[in-house]
J.: 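Questions regarding the structure given below will be posed in turn.
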Amino acid sequence: MTNTTDNGRKGRVAVLGAGTMGAGIAQVAATAGFSVALFDVSKAQIDKARAGIAQSLEKLASKGKIDAPTKERALAAIAAFESVEDAVRDASFVVEAAPERMELKRELFLAVDRAAPADALLGSNTSSLSITEIASVVKDPTRVVGLHFFNPVPLMELLEVVRGVRTTDAVVDRALAFAKDLGKTPIVVRDFPGFATSRLGVVIGCEAIRMLEQGVASAEDIDRAMELGYRHPMGPLKLGDLVGLDVRLAILEHLHKELGEQFRPPALLRQMVRAGKLGKKSGEGFYKWDADGPKKA
Ligand code: CAA
């Protein structure tokens, strides 16, 4: 159970990184009643995140999923920071949502360790990197845990809680309570490359790209196959675009290194990332994206 603070919020969540995932995590934490400190090195990224959060809250309010005061309170509860130390200073929970590069994550956790309260839970939203390795840079690695969210964060129910080698039961229990507080359903997995979700998810995505390379069917028909034949809410190529092809490539490179040949990234994926075709966030991937959604590329 999370205690409320003087200002009536449930305590502070510091979110490090204002990309797609960081913005989504900030939104759900603010909607759930926490005050949120959102850090990014880029002011432009923070502005973009704020605009996206406002739009998403508006959409949810217009459908009656949240009421107007909740929307206003959530927006007002998010403060932007351009220093990690300032963002985490009063945090009860820290959720790092930076790009999937171990060096960057280690640097961020060193800064967090310098400034966060000693009893703050330290979480990483990594999709596949080792929580145990990330935890190794802080003085007390027992309080580090994986908090893996799914895109779009406000709509997806799962939170994958990843137990590092040194994470304590008490920290896992706290992470589970936090997940429920955010309205998510948690699962607990051991720290193993790709956890329970990414390892399975990228296999389908990767095969879909290979099928496209081999001319098995068009992107639209490969997606339709899984949407209509397997009832996936979204085909694997469209989903890759939504997640970000750079993110998919980083996960595959890591799993290829850790788990072997099965995860070798397809050449087409590398080429697209090199060309800046990153999916929805860059406006083009396997589809062209605009405000109305994906269209044939
Ligand atoms: N905020 C608020 N509302 C949103 C939203 C957001 N961010 N995104 C979409 N919506 C709304 C839409 O406006 C739409 O509303 P209406 O029904 O009133 O029109 C509703 O949600 C449904 O959206 P769509 O009609 O556009 O499409 P949909 O029915 O296919 O639902 C979806 C969209 C929920 C994204 C669904 O397609 C889906 O579940 N897709 C799979 C997502 C998935 O697998 N995510 C995991 C990716 S892996 C990951 O994130 C982890 C990682 O480590 C990389």
Side-chain angles (χ1 to χ4, degrees), residues 17 19-31 48-66 70-71 74-75 95-101 105 123-129 131 146-162 183-187 189 193-206 208 223-224 226-228 230-255 263 265 269 273 278-281 285-287 289-295:
T20 309
M21 298 304 287
I25 296 163
Q27 180 181 329
V28 294
T31 308
K48 191 172 167 202
R50 268 195 192 287
I53 291 169
Q55 211 178 16
S56 173
L57 287 170
E58 181 52 45
K59 208 181 274 179
L60 294 169
S62 71
K63 283 188 222 148
K65 301 244 168 76
I66 55 171
T70 303
K71 179 189 95 175
L75 277 173
V95 186
E96 168 273 315
E100 290 288 80
R101 294 200 305 275
K105 292 189 191 276
S124 171
N125 178 54
T126 180
S127 310
S128 62
L129 298 179
I131 292 300
L147 296 175
H148 185 203
F149 291 82
F150 296 84
N151 183 1
V153 181
L155 304 186
M156 301 303 284
E157 200 182 330
L158 184 67
L159 181 61
E160 192 173 37
V161 173
V162 183
K184 303 297 180 197
T185 301
I187 59 167
V189 302
F195 315 135
T197 50
S198 302
R199 184 169 169 183
L200 288 172
V202 298
V203 168
I204 298 180
C206 197
D223 278 346
R224 221 167 272 136
M226 297 313 280
E227 287 162 10
L228 304 183
Y230 279 66
R231 284 216 185 166
H232 287 197
M234 189 176 248
L237 298 168
K238 214 179 285 167
L239 183 59
D241 272 6
L242 177 76
V243 165
L245 299 183
D246 52 338
V247 175
R248 271 279 149 99
L249 179 60
I251 296 173
L252 276 169
E253 279 173 337
H254 179 65
L255 294 186
F263 292 96
L269 179 62
V273 172
L278 306 182
K280 184 180 177 189
K281 65 184 163 191
F286 295 107
Y287 294 80
W289 291 78
D290 60 24
D292 300 327
K295 313 259 164 359

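Whatever order the structure lists ligands and atoms in, that order sets their numbers, starting from 1. Not measured: the values here are computed from a predicted model.
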J.: Less than 4.0 Å between atom 12 (C) of ligand 1 and some protein heavy atom, yes or no?
T.: yes

J.: Closer than 4.0 Å to some heavy atom of K63 - which atoms of ligand 1 meet that?
T.: 11 (C), 12 (C), 13 (O), 14 (C), 15 (O), 16 (P), 18 (O), 20 (C), 21 (O)

J.: Would you say atom 33 (C) of ligand 1 makes contact with the protein, given that contact here means a non-hydrogen protein atom less than 4.0 Å away?
T.: no

J.: If we check side-chain hydrogen bond (donor to acceptor under 3.5 Å, both in side chains) with K281, which of these qualifies: T20, D246, D241?
T.: D246

J.: Quick check: closest heavy atoms across G146 and I131, and the distance to 0.1 Å?
T.: CA-CD1, 3.4 Å

J.: For the pair K105 (side chain) and A98 (backbone), establish whether a donor and an acceptor sit closer than 3.5 Å, ignoring hydrogens and angles.
T.: yes

J.: Quick one: look up the protein heavy atom nearest atom 3 (N) of ligand 1 and list residue, atom name and how far away it is.
T.: K59 CD, 3.4 Å

J.: Is atom 48 (S) of ligand 1 less than 4.0 angstrom from at least one protein heavy atom?
T.: yes

J.: Note the single closest protein heavy atom to atom 1 (N) of ligand 1, along with its residue, its atom name and the distance in Å.
T.: S56 OG, 2.6 Å

J.: Using a strict cut-off of 4.0 Å, indicate which atoms of ligand 1 neighbour a heavy atom of P233.
T.: 30 (O), 36 (C), 37 (O), 38 (C), 39 (O), 40 (N), 41 (C)

J.: Evaluate D223 against M234 for side-chain contact (heavy atoms from CB on, under 4.5 Å), listing each step before the verdict.
T.: CA-CA 7 Å; D223 278 346; M234 189 176 248; over 6 Å; no

J.: Just to be sure I read this right, does ligand 1 sit under 4.0 Å from the backbone of T197, its side chain, both, or neither, counting only heavy atoms?
T.: neither

J.: Among I53, L155, L158, which one puts a heavy atom closest to atom 8 (N) of ligand 1?
T.: L155

J.: Number the atoms of ligand 1 from 1 as they appear, then name those within less than 4.0 Å of a heavy atom of P152, with their elements.
T.: 7 (N), 35 (C)

J.: Take L57 and Q27, measure what side-chain contact (heavy atoms from CB on, under 4.5 Å) needs, and give me the verdict at the end.
T.: CA-CA 8 Å; L57 287 170; Q27 180 181 329; 3.9 Å; yes

J.: Ignoring hydrogens, tell whether any protein atom lies closer than 4.0 Å to atom 45 (N) of ligand 1; use the non-hydrogen atoms only.
T.: yes

J.: Establish whether atom 24 (P) of ligand 1 and some protein heavy atom are separated by less than 4.0 angstrom.
T.: no

J.: If I apply the N/O under 3.5 Å rule, does S127 come out as touching ligand 1?
T.: yes

J.: Measure from atom 37 (O) of ligand 1 to the protein's non-hydrogen atoms and state whether any distance is below 4.0 Å.
T.: yes

J.: My question is simple, although I want it checked carefully: is atom 15 (O) of ligand 1 less than 4.0 angstrom from any protein heavy atom?
T.: yes

J.: Given the protein's heavy atoms, is any one of them under 4.0 Å from atom 19 (O) of ligand 1?
T.: no

J.: Which atoms of ligand 1 are found less than 4.0 Å from any heavy atom of V243?
T.: 47 (C), 48 (S), 54 (C)

J.: Could you say whether the N/O atoms of N151 and ligand 1 ever approach to under 3.5 Å?
T.: yes

J.: With backbone taken as N, CA, C and O and side chain as the heavy atoms from C-beta onward, which portion of H232 lies under 4.0 Å from ligand 1: side chain, backbone, both, or neither?
T.: neither

J.: Which of the atoms of ligand 1 are close to H148, meaning less than 4.0 Å from one of its heavy atoms?
T.: 51 (C), 52 (C), 53 (O)

